[in-house]
Amino acid sequence: MPDAAVPVPLEVYRFAPGVDAAPTYRRYDLALTPHTPVLTALLKVRAELDPTLALRYSCRSAICGSCAMRINGKSRLACETPVGPELERHGRVVVEPMANQPVLRDLVVDQAPFWQEYERIEPHLKLDPRHPMPEGRPNPMTPAEVERFHDTPRCIACAACYSACPAVAADPAFPGPMALAKLYRFVVDPRDAARQDRLVRIQTEGLWLCLRCHLCTEACPKDVRPSERIRDLKEMAIAAQGPTEPGSRHAVGFASNVRERGTLQEAKLVRQTFGVLGMLPQVPQGIRIWRKKPEVTRRPGPIEGLDELERIYAAFEPKDGR
Ligand code: FES
């Protein structure tokens, strides 16, 4: 990428709740080298063009997590996002505050909802007396035990995953990707005495609201991969308590009915998810589907090569119950 300065049209969200009637986008035309981070561009705007622009930042080194915002629609750290690739892909750089949190002013959001969800998972060790910390040895775990959660401590709580998450947008009962990744960290810690309680509780406190879209993993600047940790939590919750919620019953039912026929059995899956009585509110929709596409409601015959599918299922069967 050349180092010469290029024209950079920067369109920045501006809004002061209680003062402005509605948000606006203000355009600033800058000349910057393609490697210039978006944060540097915003600071240049504030220093040279518009001192009223509000934004949050601190380290400028992708460490503190303060500068997360939406850049051309993606939740990212402004201090590690260069303007060049954004211009190449979009022809401009549009900067907006993070989603799923109320705007305080311009690019600054109120992170209270994000931190409340973190607090809700009780992010601290509840020590197991059978696994005490020996005197003078701060970490009694084996390397293999530490390996199980080695990526979650990389999280810098920037909230980019929370901003990118459509499940948070759709339902405030969903704790969000960061809180669940942190919960995973304590669930797999062998010193934690509350593993079972944590798994039982989270089954009814939003775990199954995850849409499995993986946008959180895409947004995470530290490769924590929250969507994979949420998948692990779901597996562990089912192993610990069985499929007790519609979400877990749906997952288990989906797997078992595909295993049985090699294809999805829609009507059976509704019964597996909601139970016989729970199906009653679904009846009008079932009738509509039956009228429009009766083949969906029929029980399909087994596919060819079902034995091969069975071998795949057997290979992925959980071996140690975790
Ligand atoms: S300013 Fe600290 S992560 Fe960007």
Side-chain angles (χ1 to χ4, degrees), residues 1 8 10 12-13 32-44 54-90 92-101 103-104 106-115 117-118 121 123 147-169 174-185 210-233:
M1 207 175 280
V8 177
L10 197 64
V12 183
Y13 176 102
L32 302 167
T33 62
H35 298 288
T36 307
V38 171
L39 178 61
T40 305
L42 293 168
L43 293 177
K44 193 172 167 65
L55 69 150
R56 201 183 256 147
Y57 74 101
S58 180
C59 70
R60 301 181 70 172
S61 308
I63 293 169
C64 71
S66 315
C67 69
M69 51 189 77
R70 280 179 299 160
I71 300 167
N72 286 327
K74 300 252 178 195
S75 299
R76 327 183 51 174
L77 296 181
C79 68
E80 67 162 9
T81 304
V83 293
E86 296 302 317
L87 283 178
E88 268 170 34
R89 283 194 73 186
H90 303 277
R92 60 189 182 153
V93 182
V94 180
V95 188
E96 297 167 297
M98 281 195 289
N100 298 332
Q101 295 147 95
V103 173
L104 292 174
D106 300 336
L107 303 173
V108 179
V109 295
D110 178 0
Q111 291 192 309
F114 170 73
W115 288 111
E117 293 303 332
Y118 181 50
I121 60 114
E147 180 70 18
R148 293 199 72 190
F149 59 80
H150 77 286
D151 47 5
T152 44
R154 284 203 299 265
C155 171
I156 56 173
C158 64
C161 61
Y162 194 81
S163 167
C165 178
V168 170
F174 183 56
M178 177 270 213
L180 290 174
K182 295 286 188 183
L183 175 67
Y184 166 88
R185 179 253 172 275
C210 168
L211 302 170
R212 302 180 293 278
C213 65
H214 300 281
L215 288 175
C216 53
T217 291
E218 189 187 307
C220 178
K222 297 295 172 187
D223 198 26
V224 170
R225 289 171 288 159
S227 56
E228 293 178 24
R229 303 293 75 82
I230 295 171
R231 176 207 58 203
D232 295 340
L233 278 176

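What you see is a predicted model, and the numbers here were worked out from it, not measured in a lab. Because only heavy atoms are used, hydrogens play no part in the values below, and waters and symmetry mates are left out as well, while side chains stay in.
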Rounded to the nearest 0.5 Å, how far apart are [atom1] of [X] and [atom2] of [Y]?
{"X": "Cys165", "Y": "Met178", "atom1": "SG", "atom2": "CE", "answer": "13.5 Å"}
{"X": "Tyr57", "Y": "Cys79", "atom1": "OH", "atom2": "SG", "answer": "11.5 Å"}
{"X": "Cys158", "Y": "Arg76", "atom1": "SG", "atom2": "CZ", "answer": "11.5 Å"}
{"X": "Tyr184", "Y": "Asp232", "atom1": "OH", "atom2": "CG", "answer": "5.0 Å"}
{"X": "Ser227", "Y": "Leu180", "atom1": "OG", "atom2": "CG", "answer": "11.0 Å"}
{"X": "Lys74", "Y": "Arg89", "atom1": "NZ", "atom2": "CZ", "answer": "6.5 Å"}

Using modelled atom types only, decide if a donor and an acceptor are shared between the side chain of [X] and the backbone of [Y] within a distance under 3.5 Å.
{"X": "Ser61", "Y": "Cys59", "value": "yes"}
{"X": "Asn100", "Y": "Val168", "value": "no"}
{"X": "Gln101", "Y": "Ala99", "value": "yes"}
{"X": "Arg56", "Y": "Ser66", "value": "no"}
{"X": "Thr81", "Y": "Leu77", "value": "yes"}

Within a strict 4.5 Å, meaning less than it, do heavy atoms of the [X] and [Y] side chains meet?
{"X": "Leu10", "Y": "Leu42", "result": "yes"}
{"X": "Arg60", "Y": "Leu39", "result": "yes"}
{"X": "Pro166", "Y": "Leu211", "result": "yes"}
{"X": "Thr36", "Y": "Pro82", "result": "no"}
{"X": "Tyr162", "Y": "Glu117", "result": "yes"}

For [X] versus [Y], what's the shortest heavy-atom pair and its separation?
{"X": "Val224", "Y": "Cys155", "answer": "CG2-N, 3.6 Å"}
{"X": "Ala157", "Y": "Trp115", "answer": "CB-CH2, 3.4 Å"}
{"X": "Pro97", "Y": "Leu107", "answer": "N-CD2, 3.7 Å"}
{"X": "Pro175", "Y": "Ala179", "answer": "O-CB, 3.6 Å"}
{"X": "Asp106", "Y": "Ala54", "answer": "OD2-N, 2.9 Å"}
{"X": "Ala181", "Y": "Thr152", "answer": "O-CG2, 3.3 Å"}

* In this structure, are over 12 heavy atoms from other groups packed under 6.0 Å from Lys222 atom NZ? ->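 For Lys222, atom NZ is crowded (more than 12 foreign heavy atoms under 6.0 Å).
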* Asked: Take atom CZ in Arg154; do more than 12 heavy atoms of anything else shown fall under 6.0 Å from it?
  ->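 Counting other residues, nucleotides and ligands, CZ of Arg154 exceeds 12 neighbours.
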* Asked: Given Val103 and Asp110, is the side-chain contact (heavy atoms from CB on, under 4.5 Å) satisfied, shown in steps?
  -> CA-CA 6 Å; Val103 173; Asp110 178 0; over 6 Å; no
* Going through the checks in order, is the side-chain contact (heavy atoms from CB on, under 4.5 Å) test met by Val93 and Ile71? -> CA-CA 7 Å; Val93 182; Ile71 300 167; 4.1 Å; yes
* To do: Evaluate side-chain contact (heavy atoms from CB on, under 4.5 Å) for Leu43 paired with Leu55, printing each intermediate quantity in order.
  => CA-CA 9 Å; Leu43 293 177; Leu55 69 150; 4.3 Å; yes
* To do: Please assess Val38 against Glu80 for the test side-chain contact (heavy atoms from CB on, under 4.5 Å), listing each intermediate value before the final yes or no.
  => CA-CA 8 Å; Val38 171; Glu80 67 162 9; over 6 Å; no
* Do the side-chain N and O atoms of Glu86 and Asn72 include a donor-acceptor pair separated by under 3.5 angstrom? ->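 Note: Glu86 and Asn72 side chains meet the donor-acceptor criterion.
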* Asked: Could Asp151 and Arg229 be called an ion pair, given the rule that one side-chain N must be under 4.0 Å from one carboxylate O?
  ->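 Answer for the salt bridge query: yes.
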